[in-house]
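Chain A is the first sequence line, chain B the second, and so forth, proteins listed ahead of strands; every chain is numbered from 1. All values derive from a computational prediction rather than experimental measurement.
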Number of protein chains: 2
Amino acid sequence: MISSIAELISDRIGTMPAGERRAAQTLIANYPLTGLKTVAEFSTAAGVSSPTILRFVARLGFQNYPEFQSALQDELAAQLQSPASRTLNSASPANGGAVSPMLEATLDNMRETFRHLTDKQLADIAARLAERRGKTFLIGGRFTDPLARYMAAHLAIIQPDVYHLAGQESIWRDRLIDMGKRDVLVVFDIRRYQESLLRFAEKAHQRGVQIVLFTDQWLSPIARFARHVIAGRTAVPSAWDSSAALFVVAETLIGAVTRQLEAAGAKRIRDLESLR
Amino acid sequence: MISSIAELISDRIGTMPAGERRAAQTLIANYPLTGLKTVAEFSTAAGVSSPTILRFVARLGFQNYPEFQSALQDELAAQLQSPASRTLNSASPANGGAVSPMLEATLDNMRETFRHLTDKQLADIAARLAERRGKTFLIGGRFTDPLARYMAAHLAIIQPDVYHLAGQESIWRDRLIDMGKRDVLVVFDIRRYQESLLRFAEKAHQRGVQIVLFTDQWLSPIARFARHVIAGRTAVPSAWDSSAALFVVAETLIGAVTRQLEAAGAKRIRDLESLR
DNA sequence: CAAATTACGTAACATAAGATACAGCGCTCC
DNA sequence: GGAGCGCTGTATCTTATGTTACGTAATTTG
């Protein structure tokens with residue numbers, strides 16, 4: 001079974017004429033980057049003419065050059081998104097037993113998620129959430145609503161005016177009237193994206209509410225209205241998508257906000273304690 | 001020092017207008033592949049127009065789009081040649097910030113949690129949950145209730161008689177009357193352990209209910225009554241404990257139960273779809 | 001050794017890509 | 001509430017990219 005283009009090439013390189021073989025070797029030499037460049041660049045890199053390159057990709061079975069490039073990009077995307085295959089996880093060496101591939105995938109998802117997330121982004125979002133000028137609303141979809149609850153439960157302790165929007169759509173909608181420019185709406189929405197959330201986010205956006213979106217790597221349509229977008233990896237060997245990466249980001253944010261509000265928050269926590 | 005384009009983007013994303021920010025977010029979401037496609041593809045992926053993409057790359061300091069793509073390719077080439085540096089340097093190398101320790105601690109927690117958890121234990125619990133002789137109840141504490149909800153939301157799809165116990169203590173207590181030997185109660189309880197949960201678990205235990213307990217490494221007193229105990233690591237450099245490890249265990253279990261119920265579950269899911 | 005076939009490059013072509021000009025709109029700031 | 005500014009999208013244009021046709025050179029075969 002031939003799965004990658006590299007394999008396909010080495011499979012057929014024996015039957016190729018000289019010029020095309022040079023093209024093949026050049027591509028393999030620093031795969032797959034040469035293939036992502038233009039035909040002209042590829043051809044000069046290989047020291048052959050453009051038509052030779054085109055005949056080369058035609059021989060591989062592609063209809064035209066763009067199709068060939070798309071295939072390479074897809075392959076690259078698959079590689080970049082699941083480093084699992086190559087990353088011989090150094091941190092869990094003494095693991096003779098087949099520990100859950102689920103765990104491995106989840107750990108990879110988290111690393112990947114944070115790789116695409118800079119400290120600055122997180123700090124910006126934390127600052128926004130810590131800024132006590134307005135209210136904070138949290139809402140989630142079918143499976144992600146618990147994440148919204150989790151975050152709300154923590155934030156509500158360290159600062160006032162934190163509200164989790166639960167229940168029926170009509171209930172949230174009525175809360176829109178309380179929402180304005182100074183407020184923040186945290187939305188969790190992963191595939192399959194929910195129409196109701198989109199409608200709600202749009203209306204909130206129209207009212208000037210700043211939206212922080214937690215979504216998956218394919219980006220919920222709500223990204224359109226969001227001030228900040230956090231794209232978490234969700235792919236795991238299961239029938240369900242994993243929200244674990246988003247959960248960790250949420251915890252990280254909770255920690256960051258807590259740190260920023262330390263002074264004020266500490267007093268608040270003392271006050272809360274004394275209320276019990 | 002700004003070394004990668006991803007950093008450059010997150011550095012300037014704050015100063016960008018809405019449309020360009022969407023472009024930036026889309027690119028970061030699956031970096032760098034979107035940037036290697038054509039302007040048209042990039043623009044539709046981001047939901048903006050082509051000129052916005054071009055303005056975006058111009059703002060990053062590139063003369064034109066091809067120059068931008070070349071830069072991305074160079075970066076990718078460097079990455080592909082030394083896969084080791086990928087996981088290390090990542091998108092946030094200069095990590096004076098407090099983000100990475102949080103992630104590292106969380107990842108360690110998960111590894112530790114699973115190290116103390118055998119495949120057999122997980123399989124046993126999954127089997128118990130998949131066994132459709134009785135009902136499944138889920139309940140959680142102040143911060144862990146969302147985990148119970150999350151698990152309930154998934155289990156309820158693949159099998160009947162799954163109930164999340166929410167709201168006031170008196171409400172759960174009344175549900176005890178429906179619970180018996182054939183039933184399973186999943187409890188989430190981490191420090192500071194809640195009296196109310198303990199009381200409830202004890203009564204359920206007296207009625208012969210099988211208890212599956214998610215707790216921290218210090219073990220909630222409910223462990224005394226539990227048939228299965230999952231002890232997750234919770235320590236992170238934050239004012240709060242982390243429930244992330246328990247979350248991942250929960251997801252793993254959801255996956256395992258789903259697999260066991262595959263045949264029956266698939267039919268059930270089809271039936272559900274047809275109800276919409 | 002000669003003839004035919006295949007491979008390769010040059011050059012012209014068509015197409016699709018990136019770039020630009022401009023107008024409308026929304027937003028912010030008086 | 002009004003004026004100004006800045007952002008965004010549509011439509012147009014230009015560039016350069018991929019593609020094809022054709023002639024020449026190399027290679028193989030009878």
Side-chain angles (χ1 to χ4, degrees), chain A residues 12-27 32-73 133-134 179-183 202-211 221 223-227, chain B residues 9 12-27 32-73:
Chain A
R12 301 196 188 174
I13 198 170
T15 72
M16 290 181 186
E20 297 178 30
R21 197 171 319 145
R22 289 184 65 184
Q25 285 161 346
T26 309
L27 175 56
L33 257 139
T34 311
L36 296 178
K37 300 185 184 293
T38 66
V39 174
E41 285 173 305
F42 192 164
S43 68
T44 56
V48 296
S49 67
S50 319
T52 300
I53 300 297
L54 295 174
R55 281 188 282 263
F56 164 67
V57 304
R59 189 184 300 266
L60 292 178
F62 296 98
Q63 292 298 318
N64 48 33
Y65 195 71
E67 185 182 302
F68 164 71
Q69 287 192 318
S70 297
L72 282 179
Q73 285 187 3
R133 300 189 326 192
M179 300 166 72
K181 284 193 217 307
R182 301 174 176 284
D183 302 327
E202 180 168 13
K203 282 180 190 132
H205 173 70
Q206 284 166 359
R207 295 186 65 88
V209 178
Q210 302 256 357
I211 295 180
R224 199 184 170 75
F225 309 114
R227 184 78 175 71
Chain B
I9 291 170
R12 303 199 186 169
I13 198 170
T15 70
M16 291 182 187
E20 298 178 32
R21 199 159 48 224
R22 262 153 51 196
Q25 286 161 347
T26 308
L27 176 57
L33 259 140
T34 310
L36 296 178
K37 299 185 184 295
T38 66
V39 174
E41 286 173 306
F42 191 164
S43 67
T44 55
V48 298
S49 67
S50 319
T52 299
I53 300 297
L54 296 174
R55 282 188 285 262
F56 164 66
V57 304
R59 190 183 299 265
L60 292 179
F62 297 98
Q63 292 300 320
N64 48 32
Y65 194 72
E67 184 181 305
F68 164 71
Q69 286 191 321
S70 298
L72 282 179
Q73 286 186 2

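Ring-plane geometry between A:Phe225 and A:His205 is classed as tilted, the angle between the planes lying from 30 to 60 degrees on a 0 to 90 degree scale. Ring orientation note: the planes of B:Tyr65 and B:Phe42 are tilted relative to one another, at an angle of 30° to 60°.
Residues from residues 48-65 of chain B with heavy atoms under 4.0 angstrom of DNA chain C, sorted by number: B:Pro51, B:Leu54, B:Asn64, B:Tyr65.
Rounded to the nearest 0.5 angstrom, B:Gln25 CD and B:Ile13 CD1 are separated by 5.0 Å.
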Could you run down the sub-3.5 Å N/O contacts of the protein with nucleotides 25-30 of chain C?
none

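Considering only side-chain atoms of B:Pro17, the nucleotide from C:dA17, D:dT8, D:dT19 that sits closest is D:dT8.
Between the CE atom of B:Met16 and the P atom of D:dC7 there is a distance of 12 Å, given to the nearest Å. For the pair A:Phe68 CZ and D:dT19 C1', the interatomic distance rounds to 16 Å; values are reported in whole Å. For B:Arg22 and D:dG9, the CZ to P distance is 6 Å, given to the nearest whole Å. Going from atom CD of A:Glu20 over to atom P of D:dT27 covers 15 Å, rounded to whole Å.
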Evaluation steps, side-chain contact (heavy atoms from CB on, under 4.5 Å), between B:Phe56 and B:Leu27: CA-CA 11 Å; B:Phe56 164 66; B:Leu27 176 57; 4.1 Å; yes
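Residues A:Glu202 and A:Arg224 fail the side-chain proximity criterion, which asks for heavy atoms closer than 4.5 Å.
With respect to A:Phe68, the side chain to side chain contact (heavy atoms under 4.5 Å, CB included) criterion is satisfied by exactly one of A:Leu54, A:Val57, A:Ile53: A:Val57.
Heavy-atom nearest nucleotides on DNA chain D were determined for B:Gly47 and for A:Lys37, and the one closer to the 5' end corresponds to B:Gly47.
The two residues A:Met179 and A:Ala204 come nearest to each other via the heavy atoms CE-CB, 4.4 Å. Among all heavy-atom pairs drawn from B:Arg59 and B:Thr15, the shortest one is NH1-O, 4.0 Å.
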